[in-house]
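Shown next, in structure tokens, is the structure this report addresses.
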Number of protein chains: 2
Amino acid sequence: MKHIAESTVRRLSDYLRFLEELEQQGTRTVSSGELAALGGTTSAQVRKDLSFFGSFGKRGLGYSVAALSKSLREILGLERQWRVAIVGAGKIGGALARYSGFHQRGFHVVHLFDAAGALVGTVIDGVTVKDERTLEATLAAEPVDIVLIAVPSDAAQAVVDRVVKTGVRAILNFAPVPVHVPSTVSLRSVNMALELEFLAYALVNHTR
Amino acid sequence: MKHIAESTVRRLSDYLRFLEELEQQGTRTVSSGELAALGGTTSAQVRKDLSFFGSFGKRGLGYSVAALSKSLREILGLERQWRVAIVGAGKIGGALARYSGFHQRGFHVVHLFDAAGALVGTVIDGVTVKDERTLEATLAAEPVDIVLIAVPSDAAQAVVDRVVKTGVRAILNFAPVPVHVPSTVSLRSVNMALELEFLAYALVNHTR
DNA sequence: CTCTGTGAACATCTTCACAGCT
DNA sequence: AGCTGTGAAGATGTTCACAGAG
């Protein structure tokens, strides 16, 4: 398949969220224009995004809410369950472990690691915190699909390297520092401080 | 000033982080190539990004670490302190309030709001949780620059609307749903579930 | 007549390549 | 000689506009 833009995939997630809302409300069909308004884009963008994956609509009518959300779930890989490990059980890691939004979408936290002895053995949201030194052994015995990095900046790259070495192919980094992975591994980063800095920039350069 | 791409501003934040590291190490000068390697871009990208704001380097030599980081702090608006309010003191809001990374960069949490009576009056990281109903009055008496939204999805847009009405001009949304603001307000969103979905997509379509 | 699907036009962002300081 | 600064070329992403299915 041709390479799909990251922005397209992100919008598909948004569309899906709306479709699920519409589904609950009992709405049967929806037009590209309606989806666009809800997600803050344009109808042409919606149609173009979907066109990369096939033809899902009926001309003159729109899209079947049920059929389109099923297709999107397939495209996004949300029809299966995903096993997730979190490294770092401090403020951010702990909050992530407790965050229910992941579970709802089929992402299950099966391991929680921390380097601090005090946390090891405590239970967070049903998962016992393991010693970070057991990372390799644990992931070998009970593999996961995705690892979340929630360790301090100066430890981030080292942990990422160890995780990559275990064969994990998707990493979500919450440490506020860029990390590097081989091109065989998918990496996303969430950097909250960076978002605040962007807002500060926008405020100082009051444009838009 | 001409409009600067969002991606450029984000990279500037990354460059600054490295410059501060280099500064601590006592490094005096740095080339665009070195900055690029650390941040995972190319030297041409670094030079182009900086060129939007002026000429900071010396040909044949590179950039002065101290001078460039000062310039970047000015450009990004990090030379002043920013007052921040968080709406929603639950799992995410609480973690944000406790997160020290913000404070280090000059972002100070001065208000914490929650709608749940049980949390109101408790103290998180030195800040007393206020009743969400006092939001307008509190922000009128003690204004903030930036508001973080950490309320449930179905309350997000309503809270954003109320916040916008108080005159706040920058919002960072952590609710996993797109919210809309007037074009006079700067909005960023952090959607962790969406990042996981992107990784799921990448795993299913194992490309790259 | 409505609304999708899509090539083509357009806009934006990145990379190239080289002139010009130091 | 080394490294910046920057137009120009190239790549990528978005919007337009219309043909065509229902």
Side-chain angles (χ1 to χ4, degrees), chain A residues 1-15 18-19 22 27-69 71-72 75 178 183 198 201 207-208, chain B residues 1-15 18-19 22 27-69 71-72 75 178 183 198 201 207-208:
Chain A
M1 179 189 289
K2 198 176 56 223
H3 181 250
I4 304 295
E6 174 183 321
S7 45
T8 293
V9 178
R10 305 178 74 103
R11 282 191 298 266
L12 292 183
S13 286
D14 279 342
Y15 303 155
F18 284 125
L19 287 167
L22 294 172
T27 310
R28 292 300 191 79
T29 68
V30 66
S31 71
S32 57
E34 293 169 288
L35 275 176
L38 293 166
T41 24
T42 66
S43 62
Q45 181 79 78
V46 172
R47 296 199 300 277
K48 179 64 92 179
D49 286 340
L50 296 177
S51 77
F52 293 126
F53 299 92
S55 299
F56 304 100
K58 285 206 174 34
R59 296 171 188 230
L61 244 171
Y63 302 87
S64 150
V65 170
L68 185 55
S69 47
S71 299
L72 288 182
I75 292 167
S183 62
F198 185 91
Y201 169 83
T207 328
R208 234 177 99 264
Chain B
M1 179 188 289
K2 198 176 53 222
H3 181 251
I4 304 296
E6 175 183 321
S7 46
T8 294
V9 178
R10 304 177 74 103
R11 282 192 298 268
L12 293 182
S13 286
D14 280 341
Y15 303 155
F18 284 125
L19 287 166
L22 294 172
T27 310
R28 291 302 191 76
T29 66
V30 66
S31 70
S32 56
E34 294 171 286
L35 275 177
L38 292 166
T41 25
T42 66
S43 63
Q45 181 78 78
V46 172
R47 296 198 301 277
K48 177 65 90 178
D49 286 340
L50 295 176
S51 77
F52 292 124
F53 299 94
S55 298
F56 304 101
K58 285 208 172 34
R59 295 171 190 229
L61 245 171
Y63 302 88
S64 150
V65 171
L68 184 56
S69 48
S71 299
L72 287 183
I75 291 166
S183 62
F198 185 91
Y201 168 83
T207 327
R208 236 176 97 268

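- Atoms OG1 and CG, on B/T29 and B/L68 in that order, are 11.5 Å from each other to the nearest 0.5 Å.
- For the pair A/R10 CZ and D/dG13 P, the interatomic distance rounds to 13 Å; values are reported in whole Å.
- If you take NZ of B/K58 and C1' of C/dG20, they are 16 Å apart, rounded to a whole angstrom.
- To the nearest 0.5 Å, atoms NZ (B/K48) and OG1 (B/T41) are separated by 14.5 Å.
- A/Y15 has its OH atom 14 Å from the C1' atom of C/dT4, to the nearest Å.
- Between the P atom of D/dA1 and the CG atom of B/L61 lies a distance of 17 Å, rounded to the nearest Å.
- Between the P atom of D/dA11 and the NE2 atom of A/H3 lies a distance of 16 Å, rounded to the nearest Å.
- The OH atom of B/Y201 sits 5.0 Å away from the CD1 atom of A/I4 when rounded to the nearest 0.5 Å.
- For A/Y63, no side-chain nitrogen or oxygen approaches OP1 or OP2 of C/dT2 to under 4.0 Å.
- Atom CZ in B/F52 sits about 12 Å away from atom C1' in D/dG7, given to the nearest Å.
- For the atom pair A/F52 CZ and A/L12 CG, the distance stands at 9.5 Å (nearest 0.5 Å).
- B/Y63 has its side chain out of reach of B/L19: every pair of non-hydrogen atoms, C-beta onward, lies at least 4.5 Å apart.
- Dashed line: the shortest gap from a side-chain N or O of A/R59 to OP1 or OP2 of C/dC1 is not under 4.0 Å.
- Between B/S7 and the phosphate of C/dT14, there is a side-chain N or O to OP1/OP2 separation shorter than 4.0 Å.
- To the nearest 0.5 Å, atoms CZ (B/R11) and CG (B/L72) are separated by 13.0 Å.
- Separating the CG atom of A/D49 from the P atom of D/dT14 is a distance of 7 Å, rounded to the nearest angstrom.
- Ranked by how close their nearest DNA chain D nucleotide is to the 5' end, A/G60 and A/E6 are led by A/E6.
- Between A/L35 and A/Y15, the closest heavy-atom pair is CD2-O, 4.2 Å.
- Looking at residues 29-37 of chain A, you'll see A/S31, A/S32 sit with a heavy atom under 4.0 Å from some atom of DNA chain C.
- Counting to the nearest Å, the P atom of C/dC3 and the CD atom of A/Q45 are 20 Å from each other.
- Five base pairs at each end of the helix from C/dC1-D/dG22 to C/dT22-D/dA1 define two local axes, and these are offset by 0° (rounded to 10°).
- Contact between B/A36 and B/S43 at its shortest, heavy atoms only, is CB-N, 3.5 Å.
- The line from OG1 of B/T8 to CZ of B/F53 is 7.0 Å long, rounded to the nearest 0.5 Å.
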Can you tabulate the close N/O pairs, meaning under 3.5 Å, that link protein atoms to atoms of nucleotides 16-18 of chain C?
from: C/dA17; atom 1: N6; to: B/R47; atom 2: NH2; distance (Å): 3.4

